[in-house]
There are 2 protein chains.
Amino acid sequence: MNVGPQETFRALADPTRRSILMLLSSQDLSIREVAAKFEVTRGAIKKHLSILEDGKLISVHTSGRERINHLEPNTLRAVSDWLGYFDKYWDERLVGLKQAIEKDKI
Amino acid sequence: MNVGPQETFRALADPTRRSILMLLSSQDLSIREVAAKFEVTRGAIKKHLSILEDGKLISVHTSGRERINHLEPNTLRAVSDWLGYFDKYWDERLVGLKQAIEKDKI
DNA sequence: TTGACATGATACCTTTTGGTATTATATAAA
DNA sequence: TTTATATAATACCAAAAGGTATCATGTCAA
């Protein structure tokens, strides 16, 4: 059970899991389909997906014999909120630059 | 050596290390001063500080026999940038609305 | 100088993590 | 109904993580 940001931070600590999130950002995928993109076994991928689910970074629904993994991007907001605590300490020159860039994007 | 965001994500995965970052946001502290705030031994805190340094989340300078730990908040920008990749997927209600609008060519 | 103090560096221990291999079960397809 | 497929579940392994205890070294202070 996820009772806070700990499981989310923990889930993000592994590079394979971060790659899986990138993969799932473009489309939902079954365990088999995710595993096909990596060198490790399906069992290892299954464990990674379970950890991502614990961290509420993905959700799962079954479709027949398949288990479809779906990105839950809103959970990353918890991480963003945590980072927000430090916003005020960021280099003000860089903050200014970022704001200028964002202003030009619009 | 830190060659990417991996060491930073790894450093953030531990709750004690995240607490240390919070502590250091208000003031620079020696190892002894940081250790005084936690239940674990100074040795354990020293290891955490080394991992935070590997992740470039803190910097260190020696002052006499003390080792002063200083927050490097700009490194959190790497994490923020990574999160930025998923910005466009946030709040699926808005994504759905956007797609509906585009479909109707409004 | 001498003693206390702050840290560095190890050695060691236990638990967690990331991984494989194997077996079992449920579903799809011929 | 058989057979192949997709996943679940488990046992097991090596390495990493988090922790303690201990000793060495450098620095401050009386």
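The chains referred to below are lettered A, B, ... by the order of the sequence lines, with proteins before strands, and numbering in each begins at 1.
- Of the residues in residues 21-31 of chain A, none has a non-hydrogen atom less than 4.0 angstrom from any atom of DNA chain C.
- There is a side-chain donor-acceptor pair under 3.5 Å between B/Glu33 and B/Ser30.
- Side-chain atoms of A/Glu72 and A/Leu57, non-hydrogen and from C-beta on, never get closer than 4.5 Å to each other.
- B/Arg42 places its CZ atom 11 Å from the C1' atom of D/dA21, with the value rounded to the nearest Å.
- With hydrogens and angles ignored, the 3.5 Å screen pairs no side-chain donor or acceptor of B/Arg42 with any backbone N or O of B/Ala35.
- Remark: the A/Arg65 side chain and the D/dT5 base include a donor-acceptor N/O pair separated by less than 3.5 Å.
- Residue A/Glu66 has its side chain nearest to D/dA6 when only D/dG18, C/dG18, D/dA6 are considered.
- Taking atom CD1 of A/Ile51 as the reference point, atom C1' of C/dG18 lies 8 Å away to the nearest angstrom.
- B/Lys46 comes within 4.0 angstrom of sugar-phosphate atoms only, judged by non-hydrogen atoms across all strands, and of no base.
- Of all non-hydrogen atoms in B/Arg10 and B/Ile51, the two that sit nearest each other are NH2-CD1, 3.5 Å.
- The NE2-P distance, from A/His61 to C/dT27, rounds to 15 Å in whole Å.
- Proximity of A/Arg10 to the phosphate of C/dT17: a side-chain N or O atom is located under 4.0 Å from OP1 or OP2.
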- B/Arg67 and B/Glu53: CA distance, side-chain angles, deciding distance, salt bridge (charged side-chain N to carboxylate O under 4.0 Å, His left out) verdict: CA-CA 12 Å; B/Arg67 187 182 138 113; B/Glu53 195 181 5; 2.9 Å; yes
